[in-house]
**Q** 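Let me begin by handing over the structure; questions about it come next.
Being a predicted model, the structure only gives us computed values, none of them experimental.
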Amino acid sequence: MMLGRPVLEILVSICLWLLLSCTLSYGTETDIACLKSIKDSLEDPFKYLKSSWDFNNNTEGYICGFTGVECWHPDESRVLNLRLSDMGLKGRFPTGLQNCTSITGVDLSNNNLFGPIPDNISKIIGFVTSLQLSSNNFSGSIPENLANCSYLNILKLDHNRLTGQIPPQLGLLGRLKTFSVANNLLTGPVPTFLNANVTADDYANNVGLCGKPLDNCPGTSNYRRGRRETFEFEGASV
C-alpha cells in the first residue's frame, strides 16, 4: 500500500520530533547527573553549592539557575559552562564532568583541589574550549591525553604543583591561544606551539624548563655555541 506524500511528511515529522525529544531528555538527565556527582564529590566549606544547587525540582532548565552554571538555553538543562572559581572547594578533579556532554568551558581555578589531573581527561571533557585549573594543588604530571582536547583555546594550569615535562604534543593544539603553567615544578624543554603566543611569564618559576622563549636547553647547538662564546670571551679577558 502506497502512502501519500502528506502522510509521509507527517510520519517524518513525528519521527524527528520523537528523536529530538529523546535527545533533549537524555541531555537533561545526564547533565543533572553531572552536577549531582560534582556536588557529592567536592567539599563545599562555604556552602556555595549547598545553598544553590537544589535538585528537588522538576522544571525544565532549573539547573540553569545554579551558582556557576551556564546553559545553552535557560529553559533547557544542558550545561554550557561551569564557573566554580574562588569557592574554596576541596577534593580531586570531578570526573563526573563526563556526564555534562555538551560542556565547552570549565573553570575550577582558585580552589583547594588536589591530586592528579586524570590521565583520560579527553574522555571527560573532550569538547571544551577553555580549561582553567589555576591556583589549586594539583600534582603529578600534565597528561599527554590533553592533546586530544583538540578544541582547546585556553589552557591554564599555573600555580599548582605539577611535575615532569610539558607534553610536546600540546604544541599541536591548533586552536590553542592561551597557555600558562607558571609557578609549578616542571622540567625539560617547552613545546613549540602552532598558534599560541606563549611568553616567558607563562613559564615563570619552573626552574627546570628550557627552550624558546626561555634559555636554550643543554645539549642544543645554540646552547653549546653560547657556552663556547662565553668561554672564549672569558678567556680573552684573562
**Q** Share the residues that join Trp72 in a hydrophobic cluster, the rule being Ile, Leu, Val, Met, Phe, Trp or Tyr side chains under 4.5 Å apart at the heavy-atom level.
**A** Leu80

**Q** Does the side chain of Leu162 reach to within under 4.5 Å of the side chain of Ile117, using non-hydrogen atoms?
**A** yes

**Q** Tell me, please, which residues at least two apart from Tyr203 pass ring pair (Phe, Tyr, Trp, His ring centres under 6.0 Å).
**A** none

**Q** Can you list every pair that meets ring-ring contact (aromatic ring centres under 6.0 Å, His included) and has a residue in residues 95-119, with sequence neighbours left out?
**A** none

**Q** Mind checking what makes side-chain hydrogen bond (donor to acceptor under 3.5 Å, both in side chains) contact with Asp158, not counting sequence neighbours?
**A** Ser134, Ser180

**Q** Which pairs with one or both residues in residues 44-81 pass disulfide (SG to SG under 2.5 Å), sequence neighbours excluded?
**A** Cys64-Cys71

**Q** Can you name the ring pair (Phe, Tyr, Trp, His ring centres under 6.0 Å) partners of Phe66, sequence neighbours left out?
**A** Trp53, Phe55, Tyr62

**Q** Taking side-chain contact (heavy atoms from CB on, under 4.5 Å) as the test, write out the residues that go with Pro167, two or more places apart.
**A** Ile142, Glu144, Gln169, Leu170

**Q** Listed by chain and number, what are the side-chain contact (heavy atoms from CB on, under 4.5 Å) partners of Gln132, not counting sequence neighbours?
**A** Asp107, Ser130, Ile154, Lys156

**Q** Apply side-chain contact (heavy atoms from CB on, under 4.5 Å) to Ile124 and list each qualifying residue two or more places apart in sequence or on a separate chain.
**A** Phe93, Thr95, Leu97, Gln98, Pro118, Asn120

**Q** Not counting sequence neighbours, which residues clear side-chain contact (heavy atoms from CB on, under 4.5 Å) with Thr199? List them please.
**A** Asp201, Asp202

**Q** Output every pair passing ring-ring contact (aromatic ring centres under 6.0 Å, His included) with a member in residues 158-180, not counting sequence neighbours, ordered by first then second residue.
**A** Phe179-Phe193

**Q** Apply the hydrophobic cluster definition, ILVMFWY joined by side-chain contacts under 4.5 Å directly or through others, and give me every member besides Phe127.
**A** Tyr151

